[in-house]
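Bear in mind the structure is a predicted one, so any value in this text is a computation, not a measurement. Residues take their numbers from the sequence shown, with the count starting at 1.
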Amino acid sequence: MRTVTFSFDHPVAVKVFFNCISDPQLKQDIKFLRSDEWGLLHIPIDDIPEGTWKLMLEWNYEGRDFCMERTIESTGAVL
């Protein structure tokens, strides 16, 4: 399984949005994920089609809202 991994200082529950920069017609469902108890968040990307994608993560911690964006290159879904 292919994943993108993020490391936080604490456990988090995030909402992950996928936007394809190279082909805006490609759509992906929003994912709701939780990190492990050490703050490692593994986002599965096996079903992400080939292209350049912007991942946007949103979460709340201690009453504050946070957002992070990262750009990734996907080589296509694993069959």
### Query
Counting only heavy atoms not in Asp36, do more than 12 sit closer than 6.0 Å to its CG atom?
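Counting neighbours around CG of Asp36, more than 12 heavy atoms of other residues, nucleotides or ligands fall under 6.0 Å, so yes.
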
### Message
For Asp9, I'd like to know if atom CG has over 12 heavy atoms of other residues, nucleotides or ligands within 6.0 Å.
### Response
no

How long is the span from the [atom1] atom in [X] to the [atom2] atom in [Y], to the nearest 0.5 Å?
{"X": "Ile21", "Y": "Thr71", "atom1": "CD1", "atom2": "OG1", "answer": "4.5 Å"}
{"X": "Glu58", "Y": "Phe32", "atom1": "CD", "atom2": "CZ", "answer": "9.5 Å"}
{"X": "Lys54", "Y": "Glu69", "atom1": "NZ", "atom2": "CD", "answer": "4.0 Å"}
{"X": "Phe17", "Y": "Met56", "atom1": "CZ", "atom2": "CE", "answer": "5.0 Å"}
{"X": "Ile43", "Y": "Thr3", "atom1": "CD1", "atom2": "OG1", "answer": "9.0 Å"}
{"X": "Asn60", "Y": "Glu62", "atom1": "CG", "atom2": "CD", "answer": "9.5 Å"}

### Task
Look only at the side chain of Arg70 and the backbone of Leu55, and say whether a donor-acceptor pair between them is shorter than 3.5 Å.
no

### Task
Spell out, as yes or no, whether a donor-acceptor pair under 3.5 Å connects the side chain of Asp46 to the backbone of Arg2.
yes

### Task
Answer yes or no: is there a side-chain heavy-atom contact under 4.5 Å between Ile48 and Gln28?
yes

### Task
Tell me, with the steps shown, if Leu26 and Trp53 meet side-chain contact (heavy atoms from CB on, under 4.5 Å).
CA-CA 10 Å; Leu26 292 175; Trp53 291 81; 3.9 Å; yes

### Query
Going by the angle between their ring planes, with limits at 30° and 60°, are Trp59 and Phe66 parallel, tilted or perpendicular?
parallel

### Task
Apply side-chain contact (heavy atoms from CB on, under 4.5 Å) to Ser7 and Leu40, showing your working.
CA-CA 5 Å; Ser7 179; Leu40 287 178; 3.8 Å; yes

Using every non-hydrogen atom in the two residues, find where [X] and [Y] come nearest and quote the distance to one decimal.
{"X": "Pro11", "Y": "Ser35", "answer": "CA-OG, 3.2 Å"}
{"X": "Pro44", "Y": "Leu33", "answer": "CD-CD1, 4.2 Å"}
{"X": "Ser22", "Y": "Gly51", "answer": "OG-CA, 3.3 Å"}

### Message
Let's go through Lys15 and Leu57 carefully: what are the C-alpha distance in whole Å and the side-chain angles of both, what is the deciding distance for side-chain contact (heavy atoms from CB on, under 4.5 Å) to 0.1 Å, and is it a yes or a no?
### Response
CA-CA 6 Å; Lys15 188 175 358 177; Leu57 285 65; over 6 Å; no

### Message
Please determine whether a side-chain nitrogen of the Lys or Arg among Asp47 and Lys31 lies less than 4.0 Å from a carboxylate oxygen of the Asp or Glu.
### Response
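Salt bridge: yes.
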
### Task
Return yes if a side-chain donor-acceptor contact under 3.5 Å exists between Glu73 and Thr52, otherwise no.
yes

